[in-house]
Amino acid sequence: MSWELVSGLETHVELSTKTKIFCGCTTKFGGEPNTNCCPICIGLPGTLPKLNRQVVHYAIMAGLATHCTINNISKMDRKNYVYPDLPKAYQISQYDKPLCEHGYIQLSNGRKIGITRIHIEEDAGKLVHEHGDTYVDYNRGGVPLIEIVSEPDIRSIAEAREYVEKLQMIMKHIGVSDCKMQEGSLRCDVNISVRPQGSEEFGTRTEIKNMNSFTNMEKAMAYEYDRQIDLLESGGKVTQETLRWNPDEGITTPMRGKEDAHDYRYFREPDLVTIYTTDQEIEAIRQELPELPDARIARYQEEFGLPAADAQLLVKYRKIAEYFEAASEGLSNKKTVANFILGQIFRTLVTDEEKENGAVAIPPEYLHDLAKLLEDGKIKMNLAKTTLDKMLETKKPCTDFISEQDMGDIDEDTLRSICQSVVEQNPKAVADFKGGKDKAVKALIGQVMKQTRGKADGRKAEALMVEMMNAMD
Ligand code: ADP
Ligand code: MG
Ligand code: ZN
């Protein structure tokens, strides 16, 4: 029998607010354990939470960017469970009135993965296992999160990966989170089940907690898919349970039986008021949203004639997209600018982080000026390329490397006399050419380019020199 994979993801994204969700402590990552804490976020009795307005703002942005409906009335609830990383023994979250619902993310194959809901909640602290002991660090406790719950619409591991990548790109683009999987500011719980191909009914799912890298997510899903199929094919049943992925052994192991909502004893958080949001406020936030990645990619393709892969690569990093737009403003050949960025400039931005930060050595105006000279036919591509490398190395504008003389056109006579002298000074290449080695002319063209600093028209120089050499005995 052939089996179909069914998956839905719960993605936690830490919001980029300066302070925590219910107190004024900083959300900064790192820091000595338990130094970014106060009586509120470690849950001392008698303290009262106060909702950070920016959290609601960011969550609405996230909802709008993923086509959700924003609920005008929303509220916070207590989710009760006992675990050492949760000092109050409850997490303030949202249960039956989340802020955002009914959205989707569209994949490159055209399929829409439904988003059931996006709600806001507080992060828990972190358990650190060291020297055979377990320590608790509450710095992360109270950091604001949104949880984005997808419908069980995902049908392959590749779709799961693309869904998370798109989510990450959108959230980074609108600036609500840095979505760093390795720092835990984006974490996924993967729900997975299998069913016979063609069946309408869903199978029993398991949930793999806290995937913190794409590689682990893909491996864990592949393992779990195979495990469930083996189980079913040998007459067994899948138990609904929560699993942990063990990356060292490459297996999933049970963490605990699956809780149902009633196990959490959800009830309304009595210390916080209802969250009211008017349509006008929602509209104002919609207006504030930057152009979304999909729209930007489409525009680069349609208006600028960029290939899809290039457009995607530029838009993957918002600051690079902005750099590209600034550098190519007013130019007609945007594609050349894109090529400079994706080629020579990307070679200088080695890590993802450097691209993320848009840490290009020269400001976009410098690239613009260079591309303009090229567009106006004042310099040739060869010279532009070597100049760009020098600019990136020295952080200087192109005028430091290109003289007035470089920009003037080489007239026919000058080119002819340069070609003449190159032919005269390279008897060996000439002999090779005349002996039938057509390639020898390439070396001669190289000489002409060197002497003209890349300004000469290569094809014209070639024609001239071939003519000269053919005329020699
Ligand atoms: P809980 O909050 O207990 O984890 P939810 O009903 O909110 O449960 O669902 C959590 C996630 O599980 C959702 O992303 C949903 O799409 C996914 N899911 C639900 N049923 C299945 C299934 N049969 N197979 C795979 N994923 C599923
Ligand atoms: Mg869950
Ligand atoms: Zn605090």
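Basis for what follows: all heavy atoms, side chains included, without hydrogens, waters or symmetry-related copies. As the structure lists them, so they are numbered: ligands from 1, and atoms in each ligand from 1.
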Which of the atoms in ligand 1, numbered in the order shown and given with their element, are less than 4.0 Å from a heavy-atom of Gly203? 23 (N)
Taking 2.8 Å as the cut-off, does an N/O/S atom of Cys37 lie below it from the Zn ion (ligand 3)? no
Answer yes or no: is there an ion pair linking Arg195 with Glu200, defined by an N-O contact shorter than 4.0 Å? no
With atoms numbered from 1 as shown, which atoms in ligand 1 lie under 4.0 angstrom from a non-hydrogen atom of Glu151? 16 (O)
Do Ile157 and Leu5 have side-chain heavy atoms sitting under 4.5 Å apart? yes
So is there a nitrogen or oxygen of Val149 less than 3.5 Å from a nitrogen or oxygen in ligand 1? no
Using a strict cut-off of 4.0 Å, indicate which atoms of ligand 1 neighbour a heavy atom of Ser150. 13 (C), 14 (O), 15 (C), 16 (O)
Looking only at the side chains, is there a donor atom on one of Gln54 and Thr17 sitting less than 3.5 Å from an acceptor on the other? no
Angle subtended at the Zn ion (ligand 3) by Cys25 SG and Cys23 SG, to the nearest 10 degrees, is 110°
Under 4.0 Å, heavy atoms only, figure out whether ligand 1 is touched by the backbone of Asp189, its side chain, both or neither. neither
Where ligand 1 meets Leu9 - atom numbers and elements under 4.0 angstrom, heavy-atom basis: 14 (O)
Proximal atoms of ligand 1 relative to Val6 (non-hydrogen, under 4.0 Å): 24 (N), 25 (C)
Between Arg268 and Asp77, is there a salt bridge with N-O shorter than 4.0 Å? no
On the six-membered ring of Tyr90, is Lys88 placed so that its NZ or CZ lies under 6.0 angstrom from the centre and within 45° of the ring axis? yes
Is it true that the NZ or CZ of Lys112 lies under 6.0 Å from the centre of Tyr104's six-membered ring and within 45 degrees of the ring axis? yes
Pull out every atom of ligand 1 sitting under 4.0 Å from any heavy atom of Phe202, numbered as shown with elements. 23 (N)
Check Arg296 with Asp294, please: is the shortest side-chain N to carboxylate O separation under 4.0 Å? no
Hey, does Ile192 come in under 3.5 Å of ligand 1, counting only N/O atoms on both sides? no
Ser193 heavy atoms within 4.0 Å reach ligand 1 at atoms 22 (C), 23 (N), 24 (N), 25 (C)
Under a 3.5 Å threshold, yes or no: a donor from one side chain and an acceptor from the other, between Glu121 and His119? yes
Where do Leu232 and Val238 land on the side-chain contact (heavy atoms from CB on, under 4.5 Å) test, with the steps shown first? CA-CA 7 Å; Leu232 294 170; Val238 175; 4.2 Å; yes
Proximal atoms of ligand 1 relative to Glu207 (non-hydrogen, under 4.0 Å): 4 (O)
